[in-house]
Amino acid sequence: GVSQRSINSFFAPK
Amino acid sequence: MFEGRLLQGSLLKKVLEAIKDLVTDTNFDCSETGIALQAMDSSHVALVSLLLKDTGFDHFRCDRNLALGINLQNMSKMLKCAGNDDIITLKAEDEGDTITFMFESPNQDKISDFEMKLMDIDSEHLGIPDTDYQAIVTMPSAEFQRIVRDLSSIGDTAVIGVTKEGISFSTGGDIGKANIVCRQNTNVDKEEDQTTVEIHEPVSLTFALRYLNSFTKATALSPQVTLSLSKELPIVVEYKIEKMGFLRFYLAPKIEE
């Protein structure tokens, strides 16, 4: 099935 | 000190209405170039990014960079006390623990000062890389709001697909399925009614409708919304704020395991 990714798996902390 | 006077105070009221249910507490980062805000929702699925440039203010002064920690529900309560036509001024001292909202009625016969307590917030800023998106669609914001609301009554997730023909929104649930296609339409009289599709490659991604629905609370900010999509990247839902900047929402997709 599809799973919800989290936003910080795409954008790294600055 | 920091001071920003906004002739069109309703813009700030609209910004708060758009984000107060998505984000609880956040820093308003004030610098000499304006006010910026970046915050994730509590589930870390969506990210809000706001920019209000100094040039959009009637008067703007920021002597040193300040991070004003604000509870958005509380700020919303304060701004609801401003009239829609009021001029709103934000004021904060460098070492203070409060922010003052001053509301001036259009004919200057009523001046209100509201002082709100600030809070210390440890905020983590995410670096958002510049991306050449595979598809960028600009469409009427009210139409996007309508579509997202309609689909939410049928399913929990929407597949958003873009081809050179247009943008499609599909969902499915216990009661059935729905598919809505908006075709590129640049032959309408008013520019704000146009739908334009800029595409490098067709793209199709799945998103939670609950979040998309929440983003559309920003509809009052702009007649148009821009959706930027790339394979396996968060969608960007952008509302431009005239002369001031933007309110952007980033939403992580649902991805097949």
Side-chain angles (χ1 to χ4, degrees), chain A, chain B residues 22-23 27 29 36-49 67 122-131 133 155-160 170-172 204-212 214-215 228-237 248-257:
Chain A
V2 289
S3 73
Q4 176 65 62
R5 299 281 300 272
S6 67
I7 198 79
N8 32 13
S9 67
F10 296 96
F11 302 143
K14 252 200 244 181
Chain B
L22 192 63
V23 173
N27 281 322
D29 296 312
L37 170 167
Q38 195 203 76
M40 281 184 279
D41 79 295
S42 59
S43 314
H44 293 192
V45 169
L47 181 84
V48 178
S49 173
D122 269 337
S123 69
E124 175 190 45
H125 277 75
L126 301 180
I128 302 168
D130 281 333
T131 304
Y133 285 93
D156 297 328
T157 62
V159 177
I160 302 182
S170 322
T171 193
S204 174
L205 286 163
T206 304
F207 298 100
L209 278 163
R210 185 164 71 85
Y211 287 95
L212 294 174
S214 171
F215 302 163
S228 303
L229 295 106
S230 269
K231 193 177 175 221
E232 296 191 357
L233 273 187
I235 185 175
V236 190
V237 178
R248 288 181 189 147
F249 300 97
Y250 296 82
L251 176 60
K254 292 183 170 238
I255 290 179
E256 198 80 41
E257 296 276 89

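Every chain is numbered from 1 and lettered A, B, ... according to where its sequence line falls, protein lines coming before strand lines. Just the heavy atoms: all of them, side chains too, but no hydrogens, waters or symmetry mates, feed the values below.
- Within the 4.5 angstrom heavy-atom criterion, only side-chain atoms of B/E124, from C-beta onward, approach chain A.
- The line from CD of A/Q4 to CG of B/L251 is 6.0 Å long, rounded to the nearest 0.5 Å.
- A distance of 10.0 Å separates OG of A/S6 from CG of B/D41, quoted to the nearest 0.5 Å.
- Side-chain contact between A/V2 and B/T157 is absent, with no heavy-atom pair separated by less than 4.5 Å.
- Among all heavy-atom pairs drawn from A/F10 and B/I255, the shortest one is CZ-CD1, 4.3 Å.
- The shortest non-hydrogen separation linking A/I7 to B/V45 is CB-O, 3.6 Å.
- In terms of heavy atoms, B/L126 sits closest to A/F11 at CD2-O, 3.6 Å.
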